[in-house]
Amino acid sequence: MAYDENLAERIRECMAAESGVSERLMFGGLAFLLRGNMCLAVSRQGGILVRVDPAAADELVAAAKAEVAVMGGRPMRGWLRVAPEDLRTKRRLASWVRRGVDYARSLPAK
């Protein structure tokens, strides 16, 4: 399954005001990078992967429709998988995009 092009376009709209954004095909999905740091990706499995502060991940999972992302059978610290159902509205999508962008912005540029 290819990634959701419509969802990718909605993310582009959310990130339009950001400078230093780039895109890269990765793992069968489309990754969005801010100053070289990956902040989120449209997943080929549906929904998005969002990079968050690892210290806040458990709290976000408990409060939202998200789960810790798993790759190769291993949980990925600081990455959350958000299902398409939680991305239907512009407001919900923008909230997740903002989380990923804010964390990527906190990292040194690559």
Side-chain angles (χ1 to χ4, degrees):
M1 173 179 160
Y3 66 88
D4 183 338
E5 291 278 355
N6 181 52
L7 181 55
E9 186 57 37
R10 291 175 58 216
I11 291 170
R12 287 182 190 103
E13 291 171 11
C14 290
M15 296 182 75
E18 293 292 331
S19 61
V21 175
S22 60
E23 299 177 17
R24 186 174 301 159
L25 291 172
M26 298 177 89
F27 312 114
L30 181 65
F32 290 84
L33 295 86
L34 181 68
R35 300 178 319 161
N37 291 296
M38 194 166 147
C39 54
L40 61 123
V42 181
S43 173
R44 70 177 174 192
Q45 298 172 348
I48 60 175
L49 298 173
V50 182
R51 190 172 189 185
V52 298
D53 181 347
D58 289 340
E59 183 179 324
L60 287 169
V61 167
K65 293 179 182 175
E67 58 189 33
V68 174
V70 176
M71 285 191 79
R74 295 179 43 198
M76 296 176 53
R77 187 165 156 74
W79 284 94
L80 301 181
R81 178 173 296 285
V82 182
E85 299 80 45
D86 197 38
L87 305 169
R88 288 190 178 132
T89 68
K90 184 175 183 175
R91 181 178 176 190
R92 291 299 304 151
L93 177 61
S95 173
W96 285 110
V97 170
R98 188 173 40 254
R99 284 183 178 105
V101 166
D102 287 349
Y103 186 68
R105 190 180 291 126
S106 75
L107 301 171
K110 290 186 177 179

Novice: Whether Asp102 and Arg99 form a salt bridge (side-chain N of Lys/Arg under 4.0 Å from carboxylate O of Asp/Glu) is what I want to check.
Specialist: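 Salt bridge: no.
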
Novice: Treat each ILVMFWY residue as a node, draw an edge where side-chain heavy atoms are under 4.5 Å apart, and state whether Met71 and Leu25 are in one component.
Specialist: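 No, Met71 and Leu25 fall in different hydrophobic clusters.
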
Novice: How far apart are the closest heavy atoms of Lys90 and Arg10, and which atoms are they?
Specialist: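 For Lys90 versus Arg10, the nearest heavy atoms are N-NH2, 4.0 Å.
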
Novice: In the single-linkage hydrophobic clustering (I, L, V, M, F, W, Y; side-chain heavy atoms under 4.5 Å), do Met76 and Val61 co-cluster?
Specialist: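 Cluster IDs for Met76 and Val61 differ.
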
Novice: Quick one: do Leu30 and Leu33 end up in the same hydrophobic cluster if we chain Ile, Leu, Val, Met, Phe, Trp and Tyr together by side-chain heavy atoms under 4.5 Å apart?
Specialist: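 The answer is no; the residues belong to distinct hydrophobic clusters.
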
Novice: Are Trp79 and Met38 packed together at the side-chain level, in the sense that at least one heavy-atom pair is separated by less than 4.5 angstrom?
Specialist: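 Of all side-chain heavy-atom pairs linking Met38 with Trp79, at least one is under 4.5 Å.
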
Novice: Group every Ile, Leu, Val, Met, Phe, Trp and Tyr by side-chain heavy-atom contacts under 4.5 Å, then state whether Tyr3 and Val97 land in the same group.
Specialist: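 As far as the 4.5 Å side-chain criterion goes, Val97 and Tyr3 are connected within one cluster.
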
Novice: Is it true that a side-chain atom of Arg35 and a backbone atom of Leu107 form a donor plus acceptor pair closer than 3.5 Å?
Specialist: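 Looks like yes, one N/O pair under 3.5 Å.
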
Novice: Donor-acceptor pair, Asp4 side chain versus Gly47 backbone, under 3.5 Å?
Specialist: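 No: the side chain of Asp4 does not pair with the backbone of Gly47.
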
Novice: For the side chain of Arg81 and the backbone of Val70, is there at least one donor-acceptor N/O pair under 3.5 Å apart?
Specialist: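 The answer is no, because no donor-acceptor pair under 3.5 Å joins these two groups.
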
Novice: Write down the atom of Leu80, the atom of Val68, and the distance for their closest heavy-atom approach.
Specialist: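 Closest approach of Leu80 to Val68: CD2-CA, 4.0 Å.
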
Novice: Identify the two heavy atoms, one from Cys39 and one from Gly100, that lie closest to each other, and give their separation to 0.1 Å.
Specialist: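 Looking at all heavy atoms of both residues, the shortest contact is CB-O, 3.2 Å.
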
Novice: Do you know which two heavy atoms are closest between Val42 and Ile11, and how far apart they sit?
Specialist: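 Heavy atoms only, the tightest pair is CG2-CD1, 3.6 Å.
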
Novice: How close do Trp96 and Ala66 get, counting heavy atoms only, and between which atoms?
Specialist: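 Looks like CH2-CB, 3.8 Å.
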
Novice: Is the number of heavy atoms from other residues, nucleotides or ligands within 6.0 Å of CZ (Arg12) greater than 12?
Specialist: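 More than 12 within 6.0 Å, yes.
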
Novice: Just verifying a value: how many Å separate Arg98 CZ and Leu93 CG, rounded to the nearest 0.5 Å?
Specialist: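 Between atom CZ of Arg98 and atom CG of Leu93 there are 10.0 Å.
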
Novice: Looking at every non-hydrogen atom in both residues, tell me the closest pair between Leu34 and Ala104 and how far apart they are.
Specialist: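 Result for this residue pair: CB-CB, 4.1 Å.
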
Novice: Treat each ILVMFWY residue as a node, draw an edge where side-chain heavy atoms are under 4.5 Å apart, and state whether Ile48 and Met15 are in one component.
Specialist: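 Yes; tracing contacts between hydrophobic side chains, which count when under 4.5 Å, links both residues.
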
Novice: Got Arg51 and Asn37 here, is their nearest side-chain heavy-atom distance under 4.5 Å?
Specialist: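 Yes - at least one pair of side-chain heavy atoms lies under 4.5 Å apart.
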
Novice: Kindly check if the number of other-residue, nucleotide or ligand heavy atoms within 6.0 Å of CD (Glu59) is above 12?
Specialist: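 12 or below, so no.
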
Novice: How far does CG of Asp53 sit from CZ of Arg77, to the nearest 0.5 angstrom?
Specialist: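 Answer rounded to 0.5 Å: 8.5 Å.
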
